[in-house]
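All values below were derived from every heavy atom in this structure, side-chain atoms included, with hydrogens, water molecules and symmetry-related copies excluded. This one's a predicted model, so the numbers in the text were calculated from it and none came from an experiment. Here is how names work: the chains are called A, B, and so on, in the same order as the sequence lines, proteins then strands, and each is numbered from 1.
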Protein chains: 2
Amino acid sequence: MLYAGFMSTLLPPFPQPQEPVDKPQLLEVGSGAGEPCLRADAARNRARLLEAATRLIAEHGAAGVTMEAVAAEAGVGKGTVFRRFGDRTGLLTALLDHSARNLQADFLGGPPPLGPGAPPVDRLRAFGVAVLYRTAEQLDLQLAAQPDAARRYAHPSVRALRTHVTVLLRQTLPDADCELLAQTLMAYLDPALINHLTRQCGMPMERLEKGWLDLVDRVTRAET
Amino acid sequence: MLYAGFMSTLLPPFPQPQEPVDKPQLLEVGSGAGEPCLRADAARNRARLLEAATRLIAEHGAAGVTMEAVAAEAGVGKGTVFRRFGDRTGLLTALLDHSARNLQADFLGGPPPLGPGAPPVDRLRAFGVAVLYRTAEQLDLQLAAQPDAARRYAHPSVRALRTHVTVLLRQTLPDADCELLAQTLMAYLDPALINHLTRQCGMPMERLEKGWLDLVDRVTRAET
DNA sequence: AAATTAAACGGACCCCGGTCCGGATTGCCT
DNA sequence: AGGCAATCCGGACCGGGGTCCGTTTAATTT
């Protein structure tokens, strides 16, 4: 129910993929022309599939989202699911796309401290906290949507967040290897880690939050 | 060929699991009694399976290590593979166990700066570098052996390394949340990240190494 | 040595992710 | 309207991970 009911509104303005898959094109937001626009039946089926997946998650959890089940629930063939979303990860990612775009909009153009206007370090702090809680909310889905080891760090949505962190870092530490530091910071926000710490180790979110602020402090601290 | 030829020597003194799987019991090394000791046929088959897997990796890469293929190559039934190693991850982990034990022996009892005797921060630096290069050597296997998102951070071998980092950190930063900091440091050494940075981004190992040293500096730096 | 029991074996079986391709639709163009 | 090409659909098909259970075999006991 966390993700329920947002699909119904986003079909018309929610075209997407072309060749094999529809990648969540974070970053190029305002576009308006670059996208191929699906055929009518394809768009209809896409919407049905997302709704079906949402329903299945609500009923049986993320584990119940089997490609066949989604296809059946949506009343389409299995091949259609794969044509549209590429693979299971793609489908699950599409389910998260809505919230991902919101987050991105917030830190790209929203009010400070998350958005522009605040000092970079403050934005960094706010960013981490925002991601932390967003992830905790959708933990099961985020976990299930995680690609295999070889693609995890190359995944577009992760790259988008990391790029933002890199930019903020560079404004604070112009001489450091901000790409590596950004990877480190992002690693702290890995859904799998958050899952481990909260559910398997029983840490409260407040501790994770403090941990993030402390980490940002340490990483951005001037040399002694 | 990286991992070839070490199994032949470790069958007799390489007992292991009991119930469903054989977990790599890092940490409790000297034991000598705690282990159930396999039945003769089971031990023989275990050895055969590890050899078979090694052979398959050499020929077809880690992707070629299919449970059925290993079973066939070893001349046993598929069920036997699962009984012995639990799942694919377990089998692949067993293949890495040898090197994991070596590393652990080195930082628990080897010469400084990796082993005891050097200042904690120096040990930390050496530890990261050692893990970095060990991982790079076995990258394909390490990648393939990575468990799914829900178990990645709970995996015994990862825990063992992390515990060590936690201890070293605590000696340096008695008042910090060393568990979280250890997670952060370990995340930098994630095989999937190393794979991404070296193969997908084309970074040289020297840069990763510098990055580790820098990270340790920042994390362990006194407050300003 | 025979009997007993716990453990190991093996392969048939199930499920699911992913592929493929002949056939049906859609959107465009005349 | 009618025709055409591009796109999409759907379900049969494949391969691999993981499970199950009747059978076999190793260790132990008498």
Side-chain angles (χ1 to χ4, degrees), chain A residues 15-22 35-49 52-53 56 60-94 144-151, chain B residues 11 15-22 35-49 52-53 56-57 60-94 144-151:
Chain A
Q16 239 155 6
Q18 50 278 40
E19 304 123 330
V21 193
D22 72 10
E35 307 175 344
C37 191
L38 297 175
R39 228 170 69 172
D41 52 349
R44 176 177 45 82
N45 284 340
R46 181 178 198 283
R48 282 187 186 169
L49 285 169
L56 285 179
H60 312 109
V65 181
T66 199
M67 298 305 259
E68 258 170 326
V70 174
E73 177 86 12
V76 305
K78 191 178 171 184
T80 303
V81 191
F82 284 94
R83 154 180 310 276
R84 194 56 41 205
F85 299 103
D87 58 10
R88 202 180 116 99
T89 293
L91 172 60
L92 267 0
T93 301
Q146 211 164 75
D148 56 281
R151 294 184 307 168
Chain B
L11 343 177
Q16 239 154 5
Q18 52 279 38
E19 304 121 331
V21 195
D22 73 10
E35 305 177 344
C37 189
L38 297 175
R39 230 170 65 172
D41 51 350
R44 176 177 46 81
N45 284 340
R46 182 178 197 283
R48 281 187 187 168
L49 285 168
L56 285 179
I57 284 183
H60 312 110
V65 181
T66 200
M67 297 305 258
E68 258 170 326
V70 173
E73 177 85 12
V76 306
K78 192 178 172 184
T80 303
V81 191
F82 283 94
R83 157 180 309 275
R84 192 57 40 204
F85 298 101
D87 58 10
R88 202 180 116 98
T89 292
L91 172 60
L92 268 0
T93 300
Q146 215 166 72
D148 56 281
R151 295 183 307 167

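With C:dA8, D:dC8, C:dT19 as the candidates, the nucleotide lying closest to the side chain of A:A42 is D:dC8.
Applying a 4.0 Å cut-off to non-hydrogen atoms, the residues of residues 66-80 of chain B that approach DNA chain D are B:T66, B:M67, B:K78, listed by residue number.
Annotation: the span from A:R46 atom CZ to A:D41 atom CG amounts to 14.0 Å, rounded to 0.5 Å.
Applying the side-chain contact (heavy atoms from CB on, under 4.5 Å) test to B:A42 and every residue at least two apart in sequence or in another chain returns B:L38, B:R39, B:R84. A:A74 pairs by the side-chain contact (heavy atoms from CB on, under 4.5 Å) definition with A:R48, A:L49, A:A52, A:V76, not counting sequence neighbours. Residues that satisfy the salt bridge (Lys or Arg N to Asp or Glu O under 4.0 Å) test with B:R44, not counting sequence neighbours, are absent from this structure. With sequence neighbours left out, the side-chain contact (heavy atoms from CB on, under 4.5 Å) criterion links B:A40 to no other residue. Remark: B:R151 engages B:D87, B:T89, B:P147, B:D148 in a side-chain contact (heavy atoms from CB on, under 4.5 Å) (not counting sequence neighbours).
With rounding to whole Å, B:D148 atom CG is found 13 Å from D:dG17 atom C1'. Between the CZ atom of A:R88 and the C1' atom of C:dC15 there is a distance of 13 Å, rounded to whole Å. Between B:R84 atom CZ and C:dG10 atom P there is a gap of 11 Å when expressed in whole angstrom units. In this entry the distance linking CG of B:L49 with P of C:dA8 reads 13 Å, nearest Å. Separating the CG atom of B:D87 from the P atom of D:dG16 is a distance of 17 Å, rounded to the nearest angstrom. Spacing between atom NE2 of A:H60 and atom C1' of C:dC15 amounts to 16 Å, rounded to whole angstrom units. For A:R48 and D:dG10, the CZ to C1' distance is 14 Å, given to the nearest whole Å.
Between B:N45 and the phosphate of C:dC9, there is a side-chain N or O to OP1/OP2 separation shorter than 4.0 Å.
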Along nucleotides 21-30 of chain D, 5' to 3', which nucleotides get a B, which get an S, and which get a -, given that the test is a protein heavy-atom distance under 4.0 Å?
----BSS---
